[in-house]
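Worth saying up front: this structure is predicted, and the values here are computed from it rather than measured. Proteins come first, then strands; the chains are lettered A, B, ... in the order of their sequence lines, and each starts at number 1.
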Number of protein chains: 4
Amino acid sequence: MTITPPPAPEAAGPRVPRTPRGARTRARLLEAAEHVFATVGYPDASIVKITEEAGVALGTFYVHFAGKKEIFDEVVGDLSHRVRQAMSEASGRGRTRIEAEREGFRAFFRFTAEHPALYRIIRQAEFVSPEAMRAHYASIVDGYAEGLAQARERGDIRAVDPTVAAWALMGAGELIGMRWILWEQADDIPEHIYEALMDVVQGALAPTTTDERPAR
Amino acid sequence: MTITPPPAPEAAGPRVPRTPRGARTRARLLEAAEHVFATVGYPDASIVKITEEAGVALGTFYVHFAGKKEIFDEVVGDLSHRVRQAMSEASGRGRTRIEAEREGFRAFFRFTAEHPALYRIIRQAEFVSPEAMRAHYASIVDGYAEGLAQARERGDIRAVDPTVAAWALMGAGELIGMRWILWEQADDIPEHIYEALMDVVQGALAPTTTDERPAR
Amino acid sequence: MTITPPPAPEAAGPRVPRTPRGARTRARLLEAAEHVFATVGYPDASIVKITEEAGVALGTFYVHFAGKKEIFDEVVGDLSHRVRQAMSEASGRGRTRIEAEREGFRAFFRFTAEHPALYRIIRQAEFVSPEAMRAHYASIVDGYAEGLAQARERGDIRAVDPTVAAWALMGAGELIGMRWILWEQADDIPEHIYEALMDVVQGALAPTTTDERPAR
Amino acid sequence: MTITPPPAPEAAGPRVPRTPRGARTRARLLEAAEHVFATVGYPDASIVKITEEAGVALGTFYVHFAGKKEIFDEVVGDLSHRVRQAMSEASGRGRTRIEAEREGFRAFFRFTAEHPALYRIIRQAEFVSPEAMRAHYASIVDGYAEGLAQARERGDIRAVDPTVAAWALMGAGELIGMRWILWEQADDIPEHIYEALMDVVQGALAPTTTDERPAR
DNA sequence: GATGAATGAGTATTCATTCAT
DNA sequence: AATGAATGAATACTCATTCAT
């Protein structure tokens, strides 16, 4: 799992605070929002809850964000950027193709364990902000697919379709993470599950003697 | 993908209609609810919308269901049962292990294409009714894992952990379906994507000469 | 001022209550709304105030009306219909053309004195619901203009343009009513003001010896 | 329509800017406010909109005006002063009584066409600032009534009550302007409407042989 | 069984105004 | 003078649910 690092977060777009005080308040709101969205879900995440948690007045919210959806999108973007960053860094540390793969998944699971919010928030995004959701998946999968394409080039893996493989393995990781981290509320994935998954992943990608060009 | 068929839907539980008229009304409400949940999402699915679409008065809803969550759970249960049924039937038609696998996935994609509702509804269930969501996944994955275990017994596949493999491949199918059916709003998965996925799946499960018992 | 009677109020359109209880509640809301709009003006007329005055719960409002503007339009329509009715009846009682004129204005002033709401509400309508406002003026003026046209036909008045005259005299009545009834919060227009106005009106319309067909 | 010119705008009252920069800012705010009030109406005219249109920061507003009502009053005062000025000048140009009448109305319609804001703003004033509204009407009508009184003195017009006639004819002009300039969004009143109105006005005021009583 | 009127707590959002800089 | 962040009360409107008929 070699993941190319994400582009820097989009320069601006939303209201940019012009004073340090404003910047602090805005950050507090974002943090609070991440927590609230993850805890009670988008529909039950009221602006009141968010501002209360952030310790600011209700009206202040609208000084910094245009509305509920806007802050949601920003939270999703943030989280998305952070997982991809974490996965990219981790996979980059792997010396061999296999190590890169293992490190990438490990980073993903670790992030999942530390930010259960990610999952919960992303899953809601389907209805709330499909664009944000697609951007999230696309961002991660694209990086992964690129890594697979290079590995195939080098003959490190079988001639699988890199994009399809990336989506498939991303899905594998996602459900495994959901099942053994979120549902179990575990701090990390159990080692033997991790190894069993890696076994499946290796099988899916392992180079074979009878290797040929895949269709695309 | 050999999937054992689901148990018959739980005998009763909720209000059971005592007249044919009642049964018809109840069915109309369920159908309307599936549609509304799939279209606008749980939080925006108001009882009014459901009853309007069903063509009954607002109060009638509460004659048949205890509340919004209850009808949601029933819709989820329904859909869940129907996918599993479809997958089980299809995989049962496969002569060889590989054919069973292929047919199972095919049935899953077909169902996804015909009932995009399934996805959308399930993904929301995380917050609305975690139990229903877990029941859904568990139901499918358990059937699949059982099939994999038997295949391993027969030496048809590698010594992968059947449960982990089942979750992983379920995840693979899920994201592929999301990407190429839902996002494209396609009627079916493109053939080459399907084949590329099967290629990955086969690789993940294919028996090898150097095959040994996996840990669990 | 001969005013033809208004058409019957539009059959239905808005939510029609299906039970006597519903009808009663709806009527109470309309009455309350008329009062509130007249007292504090449209922008400050909150739904809460209206429902409190009507003695029903907030939500009940939306059972009967789609929103604030909708109830406003209905109130305007009501009032408009009632003035026109009153003016038409009164002018119909006049034996001569002059008497009709006098009675029409008298009815207008009487209505103004009894329903100061009319003025205040209509004047706001400009911004809130221009259609309603135009409908109101048009309805009254059209009736008046028709009466003038007939009077001209009979040679009872000068060859003035009936439409222009109707608007002009309507305006005269409006400002006079505003000045001497509303601003003075009087129960009726002072007799000498009324006579002075009638003098002006008679002058404007009086047939002359040198009378001919007017251009248009 | 002979209208005496308005007194110079009341010396000061509100915050007076002490620097040229301040004066400029204040003027920009007033201009913006006139536009905003005319466009969206008083209740929807937010201070933010006004300051944005004026290109200054929100807080700056309160440097120059005590609040929303205060700037509204000033805008009304301004407009009022300007119409009266225009009407007075125009009527002064008329050589004969009739010409003065015609010119006064013409000026009024021209102002209406050029500043539709006037109407819209005045009509709202009823609720927002009754004093301002009364001041506006009183100012114009008083000037007009004075002119009529003098004309009567000279025997140029019939013995109508000048005050009542002034209010009545003002009302006539107002509704005619509303109907044929504002509603039609026209640049000027159609010539034949103007003539038809003048015909009515002449009739109302024309001296007759049998001239007697105006009560007062 | 079915109806539809009634409820009232809850929602996102706006806005005039204050104030520290 | 000018700024822009912060406030919090107020607003229109929604909706799951209850209940008398």
Asks: Strictly below 4.0 Å: does Arg21(C) bring a side-chain N or O up to OP1 or OP2 of dA5(E)?
Replies: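 False: Arg21(C) side-chain N/O out of range (4.0 Å or more) of dA5(E) OP1/OP2.
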Asks: Round to a whole Å and report the spacing from CG of Leu58(D) to C1' of dT17(E).
Replies: 8 Å
Asks: If each of Gly22(D) and Gly59(B) is mapped to the nucleotide of DNA chain F with the nearest heavy atom, which maps nearer the 5' terminus, i.e. the 5' end?
Replies: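 Its nearest nucleotide lies further toward 5', so the answer is Gly22(D).
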Asks: Considering only NZ, NE, NH1 and NH2 on the basic side and carboxylate oxygens on the acidic side, decide whether Glu31(A) and Arg26(A) come within less than 4.0 Å.
Replies: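 Not counted as a salt bridge, because no side-chain N and carboxylate O are separated by less than 4.0 Å.
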Asks: Is there a Watson-Crick or G-U wobble partner for dG10(E) with both distances under 3.5 Å, and which nucleotide is it?
Replies: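 Looking at the geometry, dG10(E) pairs with dC13(F).
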Asks: Now, which nucleotide makes the Watson-Crick or G-U wobble pair with dA20(E), with each of the two distances under 3.5 Å?
Replies: dT3(F)
Asks: Which class fits the ring pair Tyr42(D) and Phe72(D): parallel under 30°, tilted 30 to 60°, perpendicular over 60°?
Replies: perpendicular
Asks: Is a salt bridge present between Glu74(A) and Lys69(A), judged by a nitrogen-to-oxygen distance below 4.0 Å?
Replies: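 Salt bridge between Glu74(A) and Lys69(A), a charged N being under 4.0 Å from a carboxylate O: no.
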Asks: Give a yes/no answer on whether the side chain of Tyr62(A) brings an N or O atom under 4.0 Å of OP1 or OP2 in dT14(E).
Replies: no
Asks: With nearest nucleotide decided by heavy atoms, which residue, Ser46(A) or Val56(C), maps closer to the 5′ end of DNA chain E?
Replies: Val56(C)
Asks: Looking at Thr60(C), I'd like to know whether one of its side-chain N or O atoms comes within less than 4.0 Å of OP1 or OP2 on dT7(E).
Replies: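 Looking at the OP1 and OP2 atoms of dT7(E), one of them is under 4.0 Å from a side-chain N or O of Thr60(C).
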Asks: Please determine, for the side chain of Thr25(B), which listed nucleotide (dT11(E), dA2(E), dT17(E)) has the closest atom?
Replies: dA2(E)
